[in-house]
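Scope of the values below: all heavy atoms of this structure, side chains included, with no hydrogens, waters or symmetry mates. In what follows, chains carry the letters A, B, and so on, assigned in the order in which the sequence lines appear, proteins first and then strands, with residues in each chain numbered from 1.
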Number of protein chains: 2
Amino acid sequence: MTAMSTGEKLVDAAAALLDAGGDAAVTLRAVAQAVSVSHNAPYRHFVDRASLLGSVAERDFRTFSATFDEISQSDRTPIGKVKAALESFITYGEKHPARYRLLFSDPDIASRGGSLETAAMETFAKFSALIAGGQTAGQLPNLPTAALTGLIYAAVHGLLDLRAGGRMRQEKGFSNVLAGTTLLLDLISPR
Amino acid sequence: MTAMSTGEKLVDAAAALLDAGGDAAVTLRAVAQAVSVSHNAPYRHFVDRASLLGSVAERDFRTFSATFDEISQSDRTPIGKVKAALESFITYGEKHPARYRLLFSDPDIASRGGSLETAAMETFAKFSALIAGGQTAGQLPNLPTAALTGLIYAAVHGLLDLRAGGRMRQEKGFSNVLAGTTLLLDLISPR
DNA sequence: ACCTGAACACCGTTCAAGT
DNA sequence: ACCTGAACACCGTTCAAGT
């Protein structure tokens, strides 16, 4: 077990605080206290709060990329791979709503560029490749892959965001995201 | 022209600040200053900051309800009414992204209950009625209306939220929300 | 190179008064 | 009924030192 650097510990603590109390709970003071350093020690590792959160996001994007790689190399059917990817996405969104929003909704995170943007684009590209596989197998409609990927991604994101925002109760059609996603895939799959 | 009450002026100012600088720009001090009252005068009209934002949201939900009423009574085709409603939704989301997120993403707003929740449910019900009309006319798939409404609503919300979050660039499939919405309706419409 | 304590400006909220 | 000024606790950030 290699010793975690202070920087890694801070990222860990920030992620845990996001899970426990949402964005507002991630104060630099609370993060520092969780790691037992002074309230401004984080500035020796991150230029500001947004940068710390950016590191949390980047780490999770890399985890997604690794998961999509595993799915890609599994022995599932093409459409089964798409569904597995969506399920990992949904599980993450339901288990870590605040982190989900950090990665996929927060405007400050999207505009940071650099290695974070690279990691985010890589995740998206791997998902898009799975969609393309489903199209080649004739299990998804024959549209430009980018448009189809964007639409599926947006729909699932919408379901997850409505859930994270507490607005799922009203959409009485389905009380969980997976049901909505399944319905979408059924509706658009070639008949 | 009836004089606006201080409370109404505060709601106006908060909405303008949301448009101008996003959620973080809506400090009670800035709102108060815009109305030329002291920094804690808002507390004579709203119990706290969240309550003020709740009033902004409620007002916009009522505007949506009125718009959907107009659309319902227009001489458009059933599917034309659905598209008109979606367009009004999209226009609002693109013109007022911070207010859009307040109404449709913010967890604090969703859990406030009371007249705000009533207004939000009314808006949703009116939209759902337009969807039902499209189904009766055979221009939308024959599913439980609630499920179909939820799915269309979630997909458009996803597109708008990705745009508001600065993540539309990556979804190269369509650079605007209307194109994505149109694609969805094409894909799911009965063939 | 990494950390600490003091300090600053800003914010939501409360309180004691004022008209 | 509505408003004001002072005050409090909290937060992000900066700075001058310390090892």
Side-chain angles (χ1 to χ4, degrees), chain A residues 2-58 98-99 101-102 106-112 114 116, chain B residues 2-58 98-99 101-102 106-112 114 116:
Chain A
T2 62
M4 258 202 296
S5 72
T6 303
E8 288 166 10
K9 285 188 207 164
L10 290 168
V11 172
D12 259 9
L17 284 166
L18 273 173
D19 285 345
D23 181 80
V26 188
T27 68
L28 289 184
R29 282 165 164 86
V31 172
Q33 191 178 28
V35 176
S36 296
V37 291
S38 74
H39 74 280
N40 48 17
Y43 285 96
R44 305 309 132 200
H45 303 270
F46 304 95
V47 337
D48 57 16
R49 179 179 184 274
S51 169
L52 170 60
L53 291 174
S55 291
V56 174
E58 185 171 339
R99 278 155 74 180
R101 287 198 160 179
L102 179 72
D106 194 306
D108 298 330
I109 287 299
S111 58
R112 294 191 64 74
L116 171 56
Chain B
T2 63
M4 258 202 297
S5 74
T6 301
E8 289 167 11
K9 284 187 207 166
L10 289 168
V11 173
D12 258 10
L17 284 167
L18 273 173
D19 286 345
D23 182 80
V26 188
T27 68
L28 288 183
R29 282 165 163 88
V31 172
Q33 191 178 29
V35 175
S36 296
V37 292
S38 75
H39 74 280
N40 50 13
Y43 285 95
R44 304 310 132 197
H45 304 270
F46 304 93
V47 340
D48 56 15
R49 179 179 182 275
S51 168
L52 169 60
L53 290 174
S55 291
V56 174
E58 186 170 340
R99 277 156 74 179
R101 288 199 158 176
L102 179 73
D106 193 305
D108 298 330
I109 287 298
S111 58
R112 295 192 63 75
L116 170 55

L52(A) side chain near L28(A) side chain, heavy-atom distance below 4.5 Å: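 A side-chain contact under 4.5 Å exists here.
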Could you state the [atom1]-[atom2] distance from [X] to [N], rounded to the nearest angstrom?
| X | N | atom1 | atom2 | result |
| --- | --- | --- | --- | --- |
| K9(A) | dC2(C) | NZ | P | 13 Å |
| L53(A) | dG12(D) | CG | C1' | 12 Å |
| L28(B) | dC11(D) | CG | P | 18 Å |
| D23(B) | dG12(C) | CG | C1' | 13 Å |
| R49(A) | dT14(D) | CZ | C1' | 18 Å |
| R29(A) | dG5(C) | CZ | P | 13 Å |
| H45(A) | dC2(C) | NE2 | P | 6 Å |
| L52(A) | dT13(D) | CG | P | 10 Å |

Can you check the distance between [N] and [M], where both ends of the measurement are the [atom1] atom (answer in whole Å)?
| N | M | atom1 | result |
| --- | --- | --- | --- |
| dC10(D) | dA9(C) | C1' | 13 Å |
| dC2(D) | dA17(C) | C1' | 13 Å |
| dA16(D) | dC3(C) | C1' | 13 Å |

Any-strand Watson-Crick or G-U partner of dC10(C), both distances under 3.5 Å: none
Opposite nucleotide pairing with dC15(C), Watson-Crick or G-U, both atom distances under 3.5 Å: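 Paired with dC15(C), as far as the under-3.5 Å criterion goes, is dG5(D).
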Touch class at under 4.0 angstrom, heavy-atom based, for V26(B) against every strand present: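 V26(B): backbone/sugar contact only, no base atoms under 4.0 Å.
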Sugar-phosphate only, base, or nothing, as touched by V31(A) at under 4.0 Å among non-hydrogen atoms: nothing
Sequence neighbours excluded and cut-off under 3.5 Å, please list the side-chain donor-acceptor pairs for residues 29-46 of chain B, or say none.
residue : atom : partner : partner atom : Å
S38(B)  : OG   : N40(B)  : OD1          : 3.1

Contact summary for L18(A) and L53(A), nearest pair of heavy atoms: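 Residues L18(A) and L53(A), closest heavy atoms: CD1-CD2, 4.2 Å.
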Under 3.5 Å donor-acceptor pair, N40(B) side-chain atoms to dT4(D) base atoms: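 Between dT4(D) and N40(B), which were checked side chain against base, a qualifying N/O pair under 3.5 Å is absent.
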Candidate nucleotides dG5(C), dC3(D), dT13(D), ranked by approach to the side chain of S38(A) - the nearest: dG5(C)
Side chain of H39(A) - closest among dA6(C), dC15(C), dC15(D):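 Nearest to the side chain of H39(A) among the choices is dA6(C).
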Any T6(B) side-chain N or O less than 4.0 Å from OP1/OP2 of dC2(D): no
Lys/Arg N to Asp/Glu carboxylate O, R49(A) vs D23(A), below 4.0 Å: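 Between D23(A) and R49(A) there is a salt bridge, with a charged N closer than 4.0 Å to a carboxylate O.
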Between CD on residue E58(A) and CD1 on residue I109(A), distance to nearest 0.5 Å: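 So the gap between those two atoms works out to 10.0 Å.
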